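Just so it is clear, the model here is predicted, and its values are computed rather than measured.
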Amino acid sequence: MTVLNGLDRFHLVIDAISRLPQLGAKGAKLKKLLEDKLVEHRKYIDKNGLDMPEVRNWKWKKLTQLNTTIMAQLT
């Protein structure tokens with residue numbers, strides 16, 4: 001439901017990137033990855049009637065793990 005309302009972590013990061021033009025190409029790349037994930041998520045909901053497991057089962061990680069995950073996707 002938070003995804004449909006635009007209050008999920010994907011939308012929040014996309015909004016933050018949009019407000020930080022100094023992120024440049026890396027910000028644009030991350031924004032595109034997140035937008036693609038939202039499209040994938042929407043298709044999954046339409047087919048299965050529930051959130052994708054990675055959305056449904058998501059838990060907060062330690063900041064160091066999160067940074068490693070994000071940086072791996074940007075390189």
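- Counting heavy atoms from C-beta outward, D51 and I45 have side chains that approach closer than 4.5 Å.
- For the residue pair K31 and I17, the shortest heavy atom distance occurs at N-CD1, 3.8 Å.
- Summarising the geometry of L34 relative to F10, their closest heavy-atom pair is CD2-CD2, 3.4 Å, with the distance given to 0.1 Å.
- From K32, atom NZ reaches atom NZ of K29 across 12.5 Å, with rounding to the nearest 0.5 Å.
- By the 4.5 Å heavy-atom criterion applied to side chains, L38 and H11 are counted as neighbours.
- Interatomic distance, M52 CE to K47 NZ, rounded to the nearest 0.5 Å: 12.0 Å.
- A single hydrophobic cluster is seen to contain both L20 and I14, as judged by linkage of ILVMFWY side chains at heavy-atom distances under 4.5 Å, directly or through other members.
- The OH atom of Y44 sits 5.5 Å away from the CZ atom of R56 when rounded to the nearest 0.5 Å.
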Quiz item: Step by step, would you call K43 with E40 a salt bridge (Lys or Arg N to Asp or Glu O under 4.0 Å)?
Solution: CA-CA 5 Å; K43 289 178 182 177; E40 179 185 350; over 6 Å; no
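- Counting only residues at least two apart or on different chains, the salt bridge (charged side-chain N to carboxylate O under 4.0 Å, His left out) pairs with a member in residues 15-24 are D15-R19.
- The structure places CG of L30 at 10.0 Å from CD of E35, a figure rounded to the nearest 0.5 Å.
- For D46, the side chain to side chain donor-acceptor pair (under 3.5 Å) test picks out R42, with sequence neighbours left out.
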